[in-house]
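Each remark here refers to the structure printed beneath this line.
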Amino acid sequence: MRSSTRPKLWQLYGPRPSDRKTSFSEQGRLQCDVKLATFATRQRGKSFAQSADERNTSATVQAALEAAVQRHTFPKANVDVYCLILESGGADAAIAITAASLAIADAGIEMYDLVSACSVSRVGGQLLLDPTSDESHHEDAAVLMAMMPSVNLVTQLVMTGEWSNSSSKEALELCMGGCAQIDSVVRQCLQQAAVSS
């Protein structure tokens, strides 16, 4: 999937049988792994091991998607989602959540709804929807929201920094509006893919 100038590579495997060493589960397992390529950011020389930021992004993506995937339809099985971010331009977690949701739906894995995600940064008192990495470095506070717009259910919400009631309400409404717009684009992509195949 390509998001404006920020390319990502996605691989999706499954549902496939769980390892024998894992215990039986009525619910299937969804596992997400997000990594940045060594050349994805301005900072070079990153090791091949997954960094703390990558582990946090992976956990955020997984938590946002688990509520949407009908895991009861593949008991004792895994769905593995891998993402390699080739160029980090900001709002990587939000883009990763939306792209993973699209990949899961395109693979034919049953979902309650698609998941769309947006992030908002507050920079100098101004709210910025899906900020660039430069804008994110100057943020006072941030919000990441993932939601299933058709059923109006938030699957993940991460707020950092200090927020007043009015500014947090404005940021959440901005995220919800952004998620609704992204959802319509994602649905068009799925329809076009279904028609062309």
Side-chain angles (χ1 to χ4, degrees), residues 1-10 32-44 46 50-68 81 83-103 113-150 152-187 189:
M1 172 168 182
R2 220 179 139 89
S3 171
S4 65
T5 61
R6 297 176 252 177
K8 320 276 187 260
L9 293 178
W10 282 96
C32 298
D33 186 28
V34 179
K35 291 202 43 96
L36 274 87
T38 56
F39 52 84
T41 62
R42 292 179 186 161
Q43 180 184 5
R44 299 285 191 244
K46 189 174 94 49
Q50 195 175 35
S51 70
D53 286 341
E54 291 169 335
R55 283 191 297 275
N56 287 341
T57 302
S58 298
T60 300
V61 171
Q62 183 169 330
L65 294 173
E66 280 182 333
V81 180
C83 173
L84 177 62
I85 299 173
L86 298 176
E87 185 180 341
S88 177
D92 291 330
I95 294 169
I97 291 167
T98 304
S101 173
L102 178 61
D113 192 11
L114 293 170
V115 179
S116 300
C118 274
S119 62
V120 168
S121 286
R122 186 180 66 212
V123 179
Q126 194 173 27
L127 296 179
L128 306 173
L129 184 64
D130 283 335
T132 64
S133 57
D134 290 336
E135 293 166 340
S136 295
H137 288 298
H138 300 294
E139 69 189 12
D140 307 324
V143 175
L144 169 69
M145 177 188 282
M147 67 179 297
M148 297 186 285
S150 296
N152 203 28
L153 180 70
V154 174
T155 61
Q156 182 76 337
L157 179 63
V158 179
M159 296 182 82
T160 58
E162 293 184 25
W163 291 92
S164 67
N165 286 342
S166 61
S167 64
S168 65
K169 181 180 178 185
E170 186 181 352
L172 293 174
E173 288 173 353
L174 189 59
C175 280
M176 291 176 76
C179 287
Q181 291 176 353
I182 290 170
D183 183 61
S184 65
V185 172
V186 169
R187 289 182 189 281
C189 289

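As the structure is a prediction and not an experimental result, all values here were calculated from the model.
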For this session: Might you point out which heavy atoms bring Leu65 and Cys32 nearest each other, and give the distance in Å?
Result: CD1-SG, 4.2 Å
Seminar exercise, completed: Taking every heavy atom of Met145 against every heavy atom of Met176, the minimum-distance pair comes out as SD-CG, 3.5 Å
Exercise. Do the side chain of Arg122 and the main chain of Glu162 share a donor and acceptor less than 3.5 angstrom apart?
Worked result: yes
Problem set entry | Nearest heavy-atom neighbours spanning Ser101 and Val115 | OG-N, 2.8 Å
Exercise. So which heavy atom on Val154 is nearest to which on Leu157, and how close?
Worked result: CG1-CB, 4.2 Å
For this session: Begin with the C-alpha distance, continue with both residues' side-chain angles, and end with the deciding distance and a verdict on side-chain contact (heavy atoms from CB on, under 4.5 Å) for Met147 and Cys179.
Result: CA-CA 7 Å; Met147 67 179 297; Cys179 287; 3.7 Å; yes
Problem set entry | Separation between CG of Asp92 and CD of Glu54, rounded to the nearest 0.5 Å | 10.5 Å
Exercise. Counting distance only, does the side-chain N/O of Asp140 pair as donor-acceptor with the main-chain N or O of Gly124 below 3.5 Å?
Worked result: yes
Exercise. Roughly how far, to the nearest 0.5 Å, is the CD1 atom of Ile97 from the CG atom of Leu102?
Worked result: 14.0 Å
For this session: Measure the shortest side-chain to side-chain distance between Cys118 and Ile182 over non-hydrogen atoms and say whether it is less than 4.5 angstrom.
Result: yes
For this session: Give the minimum heavy-atom separation between Ser119 and Ala94, together with the two atoms involved.
Result: N-CB, 4.1 Å
For this session: Using the side-chain contact (heavy atoms from CB on, under 4.5 Å) rule, take Val81 and Asp33 through it: C-alpha gap first, then chi angles, then the decisive distance, then the call.
Result: CA-CA 6 Å; Val81 180; Asp33 186 28; over 6 Å; no
For this session: Start with the C-alpha distance between Cys83 and Lys35, add both sets of side-chain angles, then the distance that settles side-chain contact (heavy atoms from CB on, under 4.5 Å), and finish with yes or no.
Result: CA-CA 6 Å; Cys83 173; Lys35 291 202 43 96; over 6 Å; no
Problem set entry | For Ala117 against Thr98, the heavy-atom pair lying closest together | N-OG1, 3.0 Å
For this session: Establish, from distance only, whether the side-chain atoms of Ser167 and Ser164 form a donor-acceptor pair under 3.5 Å.
Result: yes
Exercise. Does the pair Asp113/Arg187 count as a salt bridge with the N-to-O cut at 4.0 Å?
Worked result: yes
Exercise. Quick one: does Thr132's side chain have a donor or acceptor within less than 3.5 Å of a partner on Gly90's backbone?
Worked result: no
Exercise. Could you state the interatomic distance from OG (Ser136) to CG (Leu128), rounded to the nearest 0.5 Å?
Worked result: 8.5 Å
Problem set entry | Leu127 side, atom CG; Glu170 side, atom CD - distance, nearest 0.5 Å | 5.0 Å
For this session: Kindly indicate whether the side chain of Leu114, heavy atoms from C-beta on, has any atom under 4.5 Å from the side chain of Asp183.
Result: yes
Problem set entry | Side-chain (Ser121) to main-chain (Pro131) donor-acceptor, under 3.5 angstrom | no
Seminar exercise, completed: To the nearest 0.5 Å, atom CD of Glu135 lies from atom CD of Gln126 at 9.0 Å
